[in-house]
Protein chains: 2
Amino acid sequence: MLYIRELMSSSKPAKAKTQANLSQYSQTKRQQIVDGAIRVFLKYGYADTSMNRVAEESGVIKQTIYSHFSDKEGLFRAIIETLTLEHFRNEFGDNLSFEESPDVVLRRIGTVFMQRKDDPSYIALMRTVIGESARFPELARLYVNTVIGPAKQALSAYFAAQKQLQISEPEATARIYCGSIVSYIMTQEVLHGNEIIPFDSERFLNTLIAMVLGQKK
Amino acid sequence: MLYIRELMSSSKPAKAKTQANLSQYSQTKRQQIVDGAIRVFLKYGYADTSMNRVAEESGVIKQTIYSHFSDKEGLFRAIIETLTLEHFRNEFGDNLSFEESPDVVLRRIGTVFMQRKDDPSYIALMRTVIGESARFPELARLYVNTVIGPAKQALSAYFAAQKQLQISEPEATARIYCGSIVSYIMTQEVLHGNEIIPFDSERFLNTLIAMVLGQKK
DNA sequence: GTCTATAACCAGATAGAC
DNA sequence: GTCTATCTGGTTATAGAC
């Protein structure tokens, strides 16, 4: 449980600094920059996006960007967190409980995960990170460190803690669970497979959950 | 079984035409073009690769390319087939038998699949197809039609035929099986996760097979 | 008849000129 | 801002060499 909790609170580090009266305004500016950066980065790619362009698109001057973010990579990190972790935080809030049955817990996690397929920005993020992973390996590592690693770690810990499931390989199981969903989104949405080989996402999720729980559904 | 068989023989259509004495030479030229095209396309991407560049890299004249391939997209199709289907054909030859136990069959298929992770060209292909899937949706659809669709179809048919496995959702199961492996390769190799969150590929495969067979290993 | 060499056609993008 | 001029890149055509 610790893992999910700390995963959930790892973002939005700027707010801690800017306390009191100006925090709200500052948060808005930050949001404004991130929103503009998302549009620019995910349209033109990491290399072809200049900080000037981001400033223009966000309606701020460059110096404002650098007062909120350390550098170009730091800004991109904020984009990653906004489009991935923040979505989970918004969906679960602070009441993600592991007390319910594994069936329910896994379905909820899987469903929130699966919802990302309908967010064009998330699809574009996958395209960008993967597409630029040769020219910008640091960006890919950032994604692994920020998103994939923590998610795998949290789910893995959950599987290990649920003794009644008798899962001898929690980490591999966690990878299979997340990886299957990512691949589904990759095939259907990123690669436009939904037009060619459609398959209902809920049906997919049901089969996956049953398989993980060893029910041979 | 039909599906795998026709999947295996779908490529290399050019050889049938050029029979007799000059076939070998012609085949070499074709191979020569594909080899050069792989280097160029996977380095610079689809858009930034001109047919002039391919001709230069391959050491042939443009017209020669067009005598072997219909157009730029047809050439890229040959690249896809070379780096995916052809590998399977080379590994299995004509003796892919489904008579053995599902455990053995699944492990062999999974292992051959997993071997792709060590081919830099395959990794680059994934980057290119996904990275360009917004600007060139036709390329992505080509990949789905040529690789993902047939693979899923073949494995799905196998699961459906193996009654003793009692798999009520063969297509979803096939997607999970292939998708998990693809995601593993994506995380570890494409996104450089092997340096950050290493995990043994055989251990991963063992867990996946056990899960599909409902053994709760 | 396959490969080479060169040129030409055509669509889309870019860049100045007015 | 339109209108050229030019360039680029995919594609096709023509001629000659083995």
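Each chain gets a letter, A, B and so on, in the order the sequences are listed, and its residues count up from 1.
Across the protein-nucleic acid pair, B/Asn52 atom CG and D/dC7 atom P stand 16 Å apart, rounded to whole Å. In this structure, CZ of B/Phe69 is placed 15 Å from P of C/dT2, rounded to the nearest angstrom. Across the protein-nucleic acid pair, B/Leu75 atom CG and D/dT11 atom P stand 10 Å apart, rounded to whole Å. In this structure, the CD1 atom of B/Ile61 is 8 Å from the C1' atom of C/dT6, given to the nearest Å. For the pair B/Phe136 CZ and D/dG9 P, the computed distance is 12 Å after rounding to whole Å. Atom pair B/Met51:CE and D/dG10:P shows a separation of 7 Å (rounding to whole Å applied). Note: CZ (B/Phe41) to C1' (D/dG10) measures 11 Å, nearest angstrom. Counting to the nearest Å, the P atom of C/dT4 and the CD atom of B/Glu56 are 14 Å from each other.
Cation-pi geometry between B/Lys152 and B/Tyr177 is not met at under 6.0 angstrom from the ring centre and within 45 degrees of the axis.
Remark: B/Glu202 CD is loosely packed, at most 12 non-hydrogen atoms of other residues, nucleotides or ligands lying under 6.0 Å away.
With respect to the salt-bridge test (charged N to carboxylate O, under 4.0 angstrom), the residues B/Arg39 and B/Asp35 do not qualify. B/Arg108 has a carboxylate O that lies under 4.0 Å from a charged side-chain N of B/Glu100, or vice versa, which qualifies the two as a salt bridge.
Heavy-atom distances to DNA chain D give each of B/Gln63 and B/Thr49 a nearest nucleotide, and the one nearer the 5′ end belongs to B/Thr49. Residue order along DNA chain C, read from the 5' end via each residue's closest nucleotide, puts B/Gly59 first among B/Lys62 and B/Gly59.
Side-chain atoms of B/Glu132 come within 3.5 Å of backbone N or O of B/Tyr46 as a donor-acceptor pair.
Taking only side-chain nitrogens and oxygens, B/Ser67 comes nearer than 4.0 Å to OP1 or OP2 of C/dC3. Taking only side-chain nitrogens and oxygens, B/His68 never comes nearer than 4.0 Å to OP1 or OP2 of C/dT2.
Counting non-hydrogen atoms under 4.0 angstrom, B/Ser50 reaches the backbone sugars and phosphates but no base.
Under 3.5 Å, the side chain of B/Lys29 and the base of C/dT2 form no donor-acceptor pair of N or O atoms.
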